[in-house]
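Nothing here was measured: the structure is a model prediction, and the numbers come from that model. Order of appearance sets the numbers: ligands from 1, and atoms from 1 within every ligand.
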Amino acid sequence: MHRLFMGSFAIALYLLPTTALYHNNEHDHWNELRGLTINGSKGLNTSQNQNSRLPLVIDTFQNPTHNDLGFWHGSGENLSVQHEPGFIRLFPTDPDQNFHTQFDNHLCYSLVPWYNEFLHVVFEGTDQFSVSLNQHNDECNPRRSPFPSVADSVQADRYVMHPRSEASGGDEDGDDDEDWDEDWDNEVDMDTDRKSKKHRNIGNPRNSRLKYSNETVEIPPGRRELYIPLTHFEIDFNRVVSVSFNGFYTQEPITLHCVEIVPSVPPPSPENGHFHLPGKLPSGRLVLRCSRPNSFAFGIDDGQPQFSQQIMRILDEENVRVTFFVVGAGLRDPSSNFSTFYKEMLKKGHQVALHSNTHPKMEALQTIREIDDEIIQTVQVFKEQLGIGSSYFRPPFGTVAARLRQQLARHIPNPYIVNWSVDVEDWLWANTSTPEKQLEAFYRDVSKGGNLAVMHYLHPTTIGYLPQLIQHVKGAGYEIMRIDQCLEDVSAPPL
Ligand SMILES: *[C@@H]1O[C@H](CO)[C@@H](O)[C@H](O)[C@H]1NC(C)=O
Ligand SMILES: *[C@@H]1O[C@H](CO)[C@@H](O)[C@H](O)[C@H]1NC(C)=O
Ligand SMILES: *[C@@H]1O[C@H](CO)[C@@H](O)[C@H](O)[C@H]1NC(C)=O
Ligand SMILES: *[C@@H]1O[C@H](CO)[C@@H](O)[C@H](O)[C@H]1NC(C)=O
Ligand SMILES: *[C@@H]1O[C@H](CO)[C@@H](O)[C@H](O)[C@H]1NC(C)=O
Ligand SMILES: *[C@@H]1O[C@H](CO)[C@@H](O)[C@H](O)[C@H]1NC(C)=O
Ligand SMILES: [Zn+2]
């Protein structure tokens, strides 16, 4: 992995090159510090922490490549960062970019002792991003797919403490008696409100105190804090791998100063704008793999109408049922013939599921209203054109963080948000002089334990390989089925 060190002395502006246009399957960066141990780190002795209630200091950004626990921290998907001892500055341009700070790399880290505590982040700059807690895979092995296996995400701006002087004057936190659980309509209005109040507490005098390591220190002016109850992250706390920052819907820099876990939050006071914790918003179920033993599923997205009949023939011949993720606008367009085609696919027993209305990177949309439109309209088209609903949604480009998950959970009861663990990489290889790389990519991910695939029928080479892909999966002993079946959804049709 190359880093380009630019600038001088303490300031290193570096870019982590990754090859993927949408998704990066090589997680080499996760493993850079494998085996590195830092002695004397307070966070590592779980029982000690539990007894003394010291904060678990994850990262104070003293080092460019590893955190206070001795494990890797760094960026993915070409997120530019600038490190100086004591902080790291992120320069996001895309919601897929991320910055991870790891609890461990080749082990599953247990956060169980801290389950009732709070993730505390000290930062400067915009709050238009998500904070995620990432779960390791079943084997606790970063070389297996998927890695990380799943994440839960929260919207940073809901958890930011506001100084009193700015919290008054029409702010949504102005009502001191406000319930912990927020009203959804307020939430939507907040979205536009916040945009006009970016950086509203930058430069404000603060009296807040922060426990860095053992010392209580003043928070300097301009710094912001967020506290997230760990219970708001619905993942397996026995196998945590990292905290990450992602889902940026801003191009403004964010400077991280401290990431730690603390036993309590400051009590409401005038200094912190009577800060209180928001309630957990439902965020659906993110899935990257099938749960049924020996099952394998193809999730087929975005097709070209001229290849529909060919796809149907192949699936008939191979006698397999799949899940199609279909864009609403295409379904509505009579010239695509998709409405007729997918009705026939439904009759043949395939699953037809949601994939947004116009296929944007939904986490990049600025407002909740735009995200809602994409969801509501595609649900409407499904009802009109196919006469069905679906609780399965695949995010376009696999781009998903807190806001999309929350809005899906708001409009679709307990939705399945379907990513993947096998990528045929047709978006990368289908239309090149080496289309056979699609087979290699697929076989590689299957050999790494992936069992839920993504592919499209946009290019003849991909369609041409489909019978081989199916044979390969059958040959490996898997049974191919729809995604709802492979997830053991009780409302899925019987096998
Ligand atoms: C990331 O950066 C590398 C090298 O700078 C470049 O080759 C690659 O295309 C970039 N990827 C994306 C998604 O921008
Ligand atoms: C979706 O899956 C791809 C491939 O496994 C992965 O790179 C990406 O991080 C996943 N996104 C989420 C939100 O899990
Ligand atoms: C850190 O601890 C390990 C295991 O206890 C030991 O082998 C190693 O020498 C120690 N390193 C330092 C720098 O103290
Ligand atoms: C962790 O801390 C506890 C309590 O201080 C101590 O008894 C135990 O030996 C420590 N374990 C390790 C592995 O250092
Ligand atoms: C439209 O799709 C149906 C169902 O697959 C098919 O029978 C029909 O031939 C298609 N029409 C066109 C014009 O492709
Ligand atoms: C394949 O690539 C050629 C040349 O870059 C381009 O003209 C064509 O539109 C591409 N086809 C598809 C299906 O993407
Ligand atoms: Zn798509």
Side-chain angles (χ1 to χ4, degrees), residues 18-27 29-30 76-77 94-98 100 130 132-135 137 142 144-153 235 241-242 244 246-247 283-289 299 302-313 315-316 324 331 333-348 350 352 361-363 385-386 393-405 408 417-433 435 441 444-445 448-454 456-463:
T18 56
T19 51
L21 184 55
Y22 309 142
H23 315 285
N24 173 23
N25 275 295
E26 287 305 313
H27 291 282
H29 53 281
W30 287 92
E77 304 288 336
D94 185 290
D96 280 332
Q97 293 172 331
N98 55 68
H100 282 262
S130 292
S132 304
L133 201 59
N134 300 282
Q135 181 181 313
N137 51 35
R144 301 295 287 168
S145 178
F147 173 75
S149 71
V150 80
D152 200 3
S153 306
I235 64 163
V241 65
S242 67
S244 64
N246 63 325
S283 54
R285 290 166 287 194
L286 179 66
V287 293
L288 289 83
R289 65 189 320 278
D302 319 309
Q304 281 290 342
Q306 70 261 33
F307 304 132
S308 306
Q309 300 300 315
Q310 198 180 342
I311 283 285
M312 182 165 70
R313 266 197 311 279
L315 297 178
D316 282 350
F324 290 97
L331 206 50
D333 175 4
S335 72
S336 72
N337 194 37
F338 276 152
S339 174
T340 317
F341 172 66
Y342 285 116
K343 268 187 251 170
E344 183 166 5
M345 299 313 267
L346 283 166
K347 269 198 218 119
K348 288 177 181 286
H350 299 284
V352 180
K361 272 198 178 181
M362 291 178 72
E363 287 289 351
Q385 299 291 326
L386 303 175
F393 182 96
R394 178 167 272 171
F397 311 101
T399 306
V400 58
R403 292 183 312 149
L404 174 56
R405 291 181 63 167
L408 285 168
I417 302 164
V418 185
N419 203 344
W420 54 82
S421 44
V422 177
D423 186 352
V424 70
E425 293 182 351
D426 44 353
W427 50 272
L428 187 57
W429 306 114
N431 195 17
T432 67
S433 56
R444 176 200 65 215
D445 286 351
K448 285 163 76 175
N451 62 10
L452 201 170
V454 62
H456 311 78
Y457 57 101
L458 296 168
H459 203 274
T461 62
T462 316
I463 298 158

> How close do Arg405 and Ala151 get, heavy atom to heavy atom, and via which atoms?
Replying inline: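 Shortest heavy-atom contact: NH1-O, 2.6 Å.
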Indicate yes or no: at least one non-hydrogen side-chain atom of [X] is less than 4.5 angstrom from one of [Y].
X: Leu404; Y: Pro395; answer: yes
X: Met362; Y: Pro396; answer: yes
X: Phe307; Y: Thr462; answer: no
X: Leu133; Y: Asp152; answer: no

What protein heavy atom sits nearest [atom], and how far off is it?
atom: atom 2 (O) of ligand 6; answer: Asn431 ND2, 2.3 Å
atom: atom 13 (C) of ligand 6; answer: His459 CD2, 3.6 Å
atom: atom 9 (O) of ligand 5; answer: Gln309 NE2, 4.5 Å

> Considering distance alone, does some N or O of Thr340 sit under 3.5 Å from an N or O of ligand 5?
Replying inline: no
> With no hydrogens and no angle check, is any side-chain donor or acceptor of Ser308 less than 3.5 Å from a backbone partner on Pro305?
Replying inline: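 Yes; judged by distance alone, with no hydrogens or angles, the pair exists.
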> Hey, is Lys343 one of the residues with a heavy atom under 4.0 angstrom from ligand 5?
Replying inline: no
>> Closer than 4.0 Å to some heavy atom of Asn337 - which atoms of ligand 5 meet that?
In response: 1 (C), 2 (O), 3 (C), 8 (C), 10 (C), 11 (N), 12 (C), 14 (O)
> When you measure from atom 10 (C) of ligand 2 to each heavy atom in Asn98, Asn134, Asn419, which option holds the nearest one?
Replying inline: Asn419
> Given Met345, Glu344, Gln306, which one has a non-hydrogen atom that is nearest to atom 5 (O) of ligand 5?
Replying inline: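 Nearest heavy atom to atom 5 (O) of ligand 5 lies in Glu344.
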>> Between Ser145 and Asp445, is there a side-chain donor-acceptor contact under 3.5 Å, judged purely by atom types and distance?
In response: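 No, Ser145 and Asp445 have no side-chain donor paired with an acceptor closer than 3.5 Å.
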> Would you say the side-chain atoms of Ser132 and Asn134 include a donor-acceptor pair closer than 3.5 Å?
Replying inline: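 Absent: no donor and acceptor within the cut-off.
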>> As a test of understanding, state which of Asn246, Asn98, Asp94 forms a side chain to side chain contact (heavy atoms under 4.5 Å, CB included) with Glu77.
In response: Asn98
>> As an exercise, identify every atom of ligand 2 less than 4.0 angstrom from a heavy atom of Val400.
In response: 13 (C)
>> As an exercise, identify every atom of ligand 2 less than 4.0 angstrom from a heavy atom of Leu286.
In response: 14 (O)
> Heavy atom under 4.0 Å from ligand 2: found in Asp423's side chain, backbone, both, or neither?
Replying inline: neither
> Is ligand 2 under 4.0 Å from a heavy atom in the side chain of Leu288, in the backbone, in both, or in neither?
Replying inline: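 Leu288 to ligand 2: side-chain contact only, backbone stays beyond 4.0 Å.
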> Does Trp420, backbone or side chain, put an N or O under 3.5 Å from an N or O of ligand 2?
Replying inline: yes
